[in-house]
*Asks:* 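One structure coming up, written as structure tokens, with questions to follow.
If you read the sequence from its start, that first residue is 1, and numbering goes on from there. Both ligands and their constituent atoms are indexed starting at 1 by order of listing. Owing to the predicted nature of the structure, the values given are computational and were not obtained by experimental measurement.
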Amino acid sequence: MELEQNNGEITDFEQVAVKSLADVKIAKLENKSKLRLKEERKSWRIEDSEELYRIRGWGEPYFSINALGHVTVSPQGERGGSLDLYELVKALEKRNLGLPLLIRFSDILEDRIERLNACFAKAIARYNYPGVYRGVFPVKCNQHRHLVENLVRFGQPFQFGLEAGSKPELMIALATLKTPGSLLICNGYKDKEYIETAMLAQRLGQTPIIVIEQLEEVQMAIAASRKLGIEPVLGVRAKLTCKGIGQWASTTGERAKFGLSIPEMIRAVDELREAGMLNCLQLLHFHIGSQISSISVIKDAIREASQIYVELVKLGAAMKYLDVGGGLAVDYDGSKTNFHASKNYNMQNYANDIVAEVKEACEERNVPAPTLISESGRAIASHQSVLVFDVLSTSEVCTGALPSVSESDHLILRNLWETYQSINAENFQEAYHDAIQFKDEAISLFNFGYLSITERAKAEQLYWACCEKIQNLVRQQNYIPDDLKDLENIMASIYYVNLSVFQSAPDTWAINQLFPIMPIHRLDEPPTQRATLADLTCDSDGKIDKFIDKLKVKPVLELHPFKRGERYYLGMFLAGAYQEIMGSLHNLFGHTNVVHIKLTPKGYQIEHVVRGDTMKEVLSYVQYDSEDLVESIRKQTEQALQEKRITLEESQLLLQNYERSLQRYTYLSAN
Ligand SMILES: *Cc1c(COP(=O)(O)O)cnc(C)c1O
């Protein structure tokens, strides 16, 4: 075996394996790939991480990687300074803000609002549009007080308003929106109280617009108007026939849940005319769903809506506003395509198309151009929040040293061993099937009592060793046979993360939504592991095994080897819309800690801290009184003490732990 002797890299185990000439070849190959790995480590650059995690695609201009290999946040885009996210998390942890931690960057929120308004202003100038843009934020996207209050404040220069989709959201909007002239769009199902409250808001100097979503609401609005002597501003929501796309395609079309069909709209117009209130009808609204990834779908919808708008004018309504709803998408995978996790247009294209289409339709029919309204939620709220969580431990399929197999071992073990030895660049596909067959046989033998549990363990270890060896060969191929495509998934490590998917990223579970996830440090090291993420819940659905990739979804994420005793932090990005409020208390993991960060000339400032739920709090949501719980433990301890089953010290420790836990965060703590 002179071939290998001058190479100190070879392991004991491989020396055993080197038997035939074919084996020598394999050993050489393996050493080569080890050397390559070493080379890679040296030559892995920040740019490689940028490309791998596609951070430029989805992160610009807010997220990037610095020379230390840490993710940095530039909350004001290209216009302002930046923060090292890793250092920020470290500093926040020192302030006792444990992970998982949701960090909100108020400057990003401000930047999003400015951008959206700037895009519409530019489009209006470009097309000489004889009207204005007045955006609103749909509160349902993220109702948290600090966020909505900031949003209203940042929106003041643009008279940015709010959209409410329910009674509780109306309560928020009414109390929070104080910008003169900004709109308060009242959507959703309404009852008498909703309609009357919205109308009365006019008396406060607000500009509520009540959007009729159901035919019954017309008579309710007429009655409320008569009763209060208030002339409301009304809108109608149209059910467009144009096709939606993706997850929310069913939001449109004749059978959509919301809005009036054209015959219903005509009836609404007739009823309002009869009541002498047609002059109140001033707005046309539509919403074709969220995350519309294709610009052509948006264009089709605007075209249809513009025609309905001009027709309503012709019917005698005092039309003034056209509300194009939400749908402006977020490029989660950074591919700039019409893939569901992306979008094939930018904000400027979106504004241009709306402005141009509406202008054309109105000019053709000699109708004054409406004030344009959009209700972008996702596009405004997604980028501002980053969820940082850490890895608790990992699990690999291939662990421990390779077992030795001798002539006296069971035939099935010898077969697996021989398969292992024979694997080479020519036969790995065949060897893979052999390995699977032998492993299955081993399990059958075990089930019928012919194989001991230690023998079964050996068989499984040999099987995984085969898979690993084959995987290394597969990775060097340009073409991967179909039957080996799953190997990466089967071999993936599991990284256990301090997080509940159901609380913090419910859409990954409910609708397979993709969010960019990546380490926030060590980005100057090659991520040699391929992993799926498993959360803290004891639900097998509590996992993330779909990750962004170029034009497809990948089942594993490249991560760095987890080192015991060293923290490893991951970030989930663009999850500021919908996730927080739709999160649930599965396994009683509560709301996470939230911190609001604002950039200052010297660094940053913590604007608000919202502590996550304590155990006492989540237990109270399910009607447990923590005093009662403590009392129950106290009684049991007392009994045990009397029966001398527990010492006084033990009983004190137990009670102390129990009481202290109730005041604590529901997630695992690092120390
Ligand atoms: C959900 C919703 C929105 C927000 O949609 P995004 O795609 O998040 O911008 C806007 N308007 C209505 C009526 C909605 O239901």
*Asks:* Any salt bridge between Asp191 and Lys167, counting N to O under 4.0 Å?
*Replies:* yes
*Asks:* Between Tyr133 and Ser374, does any side-chain donor sit less than 3.5 Å from a side-chain acceptor?
*Replies:*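 A donor-acceptor contact under 3.5 Å links the two side chains.
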*Asks:* Under the salt bridge (Lys or Arg N to Asp or Glu O under 4.0 Å) criterion, do Glu114 and Arg79 qualify, and how do the steps go?
*Replies:* CA-CA 12 Å; Glu114 284 177 12; Arg79 297 171 295 144; 3.3 Å; yes
*Asks:* Under 3.5 Å, side-chain donor or acceptor atoms of residues 118-128 against the rest of the protein: list the pairs with distances, not counting sequence neighbours.
*Replies:*
none

*Asks:* Can you say whether the rings of Tyr350 and Tyr345 are parallel (under 30°), tilted (30 to 60°) or perpendicular (over 60°)?
*Replies:*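 Parallel, since the angle between the ring planes stays under 30°.
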*Asks:* Would you say the side-chain atoms of Asn187 and Glu375 include a donor-acceptor pair closer than 3.5 Å?
*Replies:*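 A pair is found: one side chain offers a donor N or O, the other an acceptor, under 3.5 Å apart.
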*Asks:* Around ligand 1, what residues show up once you keep those with a heavy atom under 4.0 Å from it?
*Replies:*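 Heavy-atom contacts below 4.0 Å: Pro138, Lys140, Glu163, Asn187, Arg237, His285, His287, Ser290, Gln291, Gly326, Gly327, Glu375, Ser376, Gly377, Arg378, Tyr578.
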